Amino acid sequence: MAVAGAAQAAAWNAEQVAAAFRSRFGTDPSWLVRSPGRVNLIGEHTDYNEGFVLPMAIDRAVWIALRARAGRDVVATSLDFAEEKAFSLDGLRREGRGWGEYLKGTAWALAEAGDRLAGWEGILAGDVPIGAGLSSSAALEMAAARAFAAVSGGPWDPVRMAKLARRAENEWVGVGCGIMDPLIIGVGRAGHATLIDCRSLEMRPVPLPQGTVVAVLDTSTRRELTGSAYNERRAQCEEAARALGVKSLRDVTPSALEARGEWLSDTLRRRARHIVTENARTVEAAEAMKAGDARRLGRLMNESHSSMRDDFEISTPMLDAMVECAQAAVGCDGARMTGGGFGGCVVALMDEAAAPAFLDAVGRSYSERTGLTPSLYLCRPEGGTSLAPLAGK
Ligand code: GLA
């Protein structure tokens, strides 16, 4: 989920982060970690229901320039928050909800799994907008995991690390989120989204349909009470699964839900209907991508948004306004809110050639309708968390 705090990500790049390291620590960093944000094309709130998701890692990232440090301390400066934090790896303690907790939580999860940890010092920065539903926090956790693995010389297994990052988020940060975010951040592949079966963790990369691009349309509204609303949806899904006598909603088909719908209260029936239909849409979306069928993919994205708005009730008037502006704009195949909900971004698919006119039209119509200034940008599918080569070294 989102890193708590008000700072908005600036567009830092690798060179600037390395330069900030030199000015703070007086030498070159030994490593530069890049850990991308992600956008989910379709499959929302399905991951913790052991269902399907179709996200991609993007060309916006969290960076850490770092070197090993004698002893057991981690000393890190965030350029986005203009703040330095230091903590010892011995006797890790929770302190509030700032960005440092994501480093600590990751250290805690790695230590719990038996990994050997060593101290480091580093500079952190990123251009994943914070709290926008593009997974700035999982990007930070996976960046921290990569940094700890680099310093201790341990192996890098992105799937194992994604599970540990999820544990950090669930047990240290306290949000019951699923595996999607750290997993796609770990395994992302350039040019591709990845269909993930969140039960078996089977993954299939699927290319974007030729001639299409993905846009992220940031409403400039941020979610509030995220954790509690998210955890409440999760609890409702679990309650619906129990009432239907299944391990998780993954095990319910649309026709089974139709037949047994009256076993559930109206709210639980609608929550379950979103998950059950979203799983079916997500699998179909991957097939549409494989067939290069952008229209079909876009239609499924539109249906997904309606389901999140009406059945799962995680959209907001601003997200709905942005979706409607996008769906009405030239060249748009489809659009939906993306991420946990209650604010943040819409994802849209469109013809590459129409992208400039699309962004222009959506920017104007959204501002006229809401009085807000959105941030709109295209994003490319990129590779997952890595140790990037140092510029100029
Ligand atoms: C957040 C969580 C994910 C997932 C999405 C909704 O991003 O971190 O695990 O549940 O919300 O699809």
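Hydrogens, waters and symmetry mates are skipped; everything else that's a heavy atom, side chains included, is used. One-based numbering, in listed order, for ligands and for the atoms of each. As the structure is a prediction and not an experimental result, all values here were calculated from the model.
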If you measure every N or O of T46 against every N or O of ligand 1, does any of those distances drop under 3.5 Å?
no
In ligand 1, the atoms that come under 4.0 Å of a heavy atom of R38 are 7 (O)
Relative to each other, are the rings of W120 and F148 parallel, tilted or perpendicular (30° and 60° limits)?
perpendicular
Taking atom types as modelled, find out whether S365 and R369 have a side-chain donor-acceptor pair closer than 3.5 angstrom.
no
Interfacing atoms of ligand 1 (cut-off 4.0 Å, heavy-atom, M180):
4 (C), 5 (C), 12 (O)
With a cut-off of 4.0 Å, which atoms of ligand 1 are near a heavy atom of G340?
11 (O)
Would you mind running through ligand 1 and noting each atom that sits below 4.0 Å from a heavy atom of D47?
3 (C), 4 (C), 9 (O), 10 (O)
Residue pairs passing the salt bridge (Lys or Arg N to Asp or Glu O under 4.0 Å) test with at least one member in residues 138-162, sequence neighbours excluded, are D115-R160
Under 3.5 Å, is there a donor-acceptor pair linking the side chains of D320 and H305?
yes
Going by the atom numbers of ligand 1, which of them fall below 4.0 Å from some non-hydrogen atom of Y230?
1 (C), 2 (C), 3 (C), 4 (C), 9 (O), 10 (O), 11 (O)
Distance filter under 4.0 Å to G178 heavy atoms, resulting ligand 1 atoms:
9 (O)
Within the 4.0 Å heavy-atom shell around C177, which atoms of ligand 1 are there?
2 (C), 8 (O), 9 (O)
Check whether the side chains of E83 and W99 place a donor and an acceptor atom closer than 3.5 Å, and report yes or no.
yes
Could you work out, for atom 8 (O) of ligand 1, the closest of T338, V175, D181, I314 by heavy-atom distance?
D181
Consider only side-chain N and O atoms of T219 and T221, and report whether a donor and an acceptor are under 3.5 Å apart.
yes
Parallel, tilted or perpendicular: which fits the ring planes of Y48 and H45, with parallel below 30° and perpendicular above 60°?
perpendicular
Is there a heavy atom in G339 that sits closer than 4.0 Å to ligand 1?
yes
